[in-house]
Protein chains: 2
Amino acid sequence: MTDQRANDVLWLRDRPTAAPRKAEPLSVARIVAAAVAELDEHGVERLTMRRLAQRLEVTSTALYWHVRTKEDVLDLAVDHVLGEVPIPTETDPRSAARVLLVDWRAAMLRHPWSPTLLGRPLLGPNVLARVEFLQATLVRAGLVGDDLQVATKLLSNVVIGTAMNDASWRRLDNPSLVAEVGRFIVGQRDRYPTLASSGFLDDGSSDDELFVRGLDRVLDAVGLGCAPRR
Amino acid sequence: MTDQRANDVLWLRDRPTAAPRKAEPLSVARIVAAAVAELDEHGVERLTMRRLAQRLEVTSTALYWHVRTKEDVLDLAVDHVLGEVPIPTETDPRSAARVLLVDWRAAMLRHPWSPTLLGRPLLGPNVLARVEFLQATLVRAGLVGDDLQVATKLLSNVVIGTAMNDASWRRLDNPSLVAEVGRFIVGQRDRYPTLASSGFLDDGSSDDELFVRGLDRVLDAVGLGCAPRR
DNA sequence: ACCTGAACACCGTTCAAGT
DNA sequence: ACCTGAACACCGTTCAAGT
């Protein structure tokens with residue numbers, strides 16, 4: 001039997017008013033933030049409702065009060081990444097589009113798990129705001145009708161394709177493996193003569209540099225004038 | 001006790017030499033074929049080692065004698081899809097590249113689950129053979145050095161980005177949902193004025209048409225001459 | 001309204017054992 | 001060499017129950 005009087009003395013009660021303090025309550029925003037952190041640290045295959053809950057110090061089943069499925073969490077995480085892409089302030093349409101797309105790619109590569117999750121239609125508010133800005137910029141540049149649709153799709157496809165490809169290399173953080181792939185190709189130079197001798201997988205020029213050079217050409221091709229004159 | 005003499009008479013033995021007939025033995029090729037079929041029918045989220053085994057009439061654990069992990073199966077399935085892309089016979093470099101890329105996209109869209117699996121480095125023999133052909137074609141067209149790398153990456157990124165995007169719409173086989181997305185955007189025309197009025201998601205022109213128009217421009221931009229003259 | 005606990009119907013993979 | 005059966009350590013999700 002414990003001493004009853006202990007509970008009569010305010011200061012002796014165990015953490016009285018500020019007692020269990022359930023930390024801040026759960027919310028969709030907190031869930032998404034935790035998901036992004038977990039994905040950044042451990043990648044997509046380690047993200048589990050149970051691990052996510054653990055990080056938030058709740059039961060895994062608690063998440064389902066705020067979120068309908070795990071897929072919802074992933075969709076929200078992708079949109080969160082797009083939220084990191086600033087809306088450009090440039091006035092020249094070409095440089096506005098250019099900056100947007102460069103930053104878009106950069107955001108996805110900062111979170112290399114994100115390109116793999118682009119499989120579902122991208123309809124989050126942050127995605128749509130960026131696509132809206134892109135297309136509005138193209139309209140300002142004088143594009144209309146099918147030319148406008150072609151340009152919008154082409155530009156976003158270039159970014160997504162790049163992100164997908166380049167991210168796949170960044171995810172395998174083993175740098176020696178890239179070299180091994182190089183040797184693998186060169187070792188079959190009879191099968192892949194061009195790839196072997198062009199140094200396809202060497203990093204003579206960086207991913208980023210090759211991307212912007214390609215992007216500039218697409219911007220030309222799509223009718224956004226030539227490289228920015230100054 | 002059964003009559004012993006029955007087993008002495010050849011014709012009375014139960015299915016004597018051609019007895020249990022374990023069907024054809026398992027093999028990596030059979031596993032991959034079954035995986036592609038399963039993916040085509042039920043999509044990526046339903047592909048399970050257990051279901052795959054069931055389709056092949058073996059135990060799920062039997063698969064692991066032929067294959068190291070489920071990821072191996074997926075990698076092989078992707079490479080199988082690329083194997084469906086014919087190597088063009090056109091002599092003109094521009095049309096050779098064009099045909100390759102159009103067929104490449106078509107193959108991925110016939111198997112709409114495949115773009116989602118492009119997350120890992122593409123190093124299968126069928127992929128490499130197509131990339132080798134593409135780059136060899138670009139060399140024939142006179143590209144070298146960084147221009148060659150830029151063009152190779154840009155073109156494959158355009159195809160991958162397109163496949164990713166367009167496949168995501170084909171996977172949700174619910175056609176009314178596309179219309180619903182259209183209404184969703186138009187319903188927020190104050191937020192997305194350009195998207196709402198440009199009919200971004202209407203299918204005025206088909207995916208395929210928008211793609212080839214974009215592709216032709218990229219081919220121009222990359223230094224492959226202008227549209228095929230005839 | 002918000003969270004817990006127990007439970008269901010699954011997973012991928014390992015490994016000893018059979019033939 | 002090739003396959004089975006049992007088992008391990010997980011999953012996502014539902015639902016009654018607590019506060």
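Bear in mind the structure is a predicted one, so any value in this text is a computation, not a measurement. Each chain gets a letter, A, B and so on, in the order its sequence line appears, and its residues count up from 1.
When each of A:S60 and B:R46 is assigned the nucleotide of DNA chain C bearing its nearest heavy atom, the one mapping closer to the 5' terminus is A:S60. With DNA chain D read from its 5' end, the first of the two nearest nucleotides for B:T61 and A:K70 is the one closest to B:T61. Heavy-atom nearest nucleotides on DNA chain D were determined for A:T69 and for B:W65, and the one closer to the 5' end corresponds to B:W65.
Comparing the same atom, C1', in D:dA17 and in C:dA1 gives a spacing of 15 Å after rounding to whole Å. Separating the C1' atom of D:dA16 from that of C:dC2 is a span of 15 Å, rounded to the nearest Å.
Atoms CD (A:E24) and P (C:dC3) sit 11 Å apart, rounded to a whole Å. With rounding to whole Å, A:Y64 atom OH is found 6 Å from D:dG12 atom P. Whole-Å rounding puts the B:R51 CZ to C:dT13 C1' distance at 19 Å. Put simply, NE2 on A:H66 is 6 Å from C1' on C:dC2, counting in whole angstrom units. Distance, B:L63 CG to D:dG5 C1': 15 Å, rounded to whole Å. Atom C1' of nucleotide D:dT4 and atom CD of B:E57 are separated by 15 Å, given to the nearest angstrom. When rounded to the nearest whole Å, the span between CD1 of B:I31 and P of C:dG12 equals 14 Å. Atom CZ in A:R68 sits about 13 Å away from atom P in D:dC15, given to the nearest Å.
Across all strands shown, the partner of C:dT19 is D:dA1, judged by Watson-Crick or G-U wobble contacts whose two distances both fall under 3.5 Å. Using the Watson-Crick or G-U wobble rule with both distances under 3.5 Å, D:dA9 pairs with nothing in any strand shown.
A salt bridge links A:R51 and A:E38; the closest N-O separation between the charged side-chain nitrogens and carboxylate oxygens is under 4.0 Å. Ion pairing between a basic and an acidic side chain is recognised when a charged N comes within 4.0 Å of a carboxylate O; A:R55 and A:E41 show such pairing.
Contact record, B:P115 with B:A163: CG-O, 3.6 Å, taken as the closest heavy-atom pair.
The side chain of B:M49 lies closest to C:dT13 when the candidates are D:dG12, C:dC3, C:dT13.
If you check the side chains of A:D207 and A:W169, you find no donor sitting under 3.5 Å from an acceptor.
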A:E84/A:R110 under salt bridge (charged side-chain N to carboxylate O under 4.0 Å, His left out): CA gap, chis, key distance, verdict
CA-CA 10 Å; A:E84 292 180 6; A:R110 272 198 306 276; 3.0 Å; yes
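Within the nucleic acid shown, B:T48 comes within 4.0 Å of sugar-phosphate atoms alone, with no base atom in reach, counting heavy atoms only.
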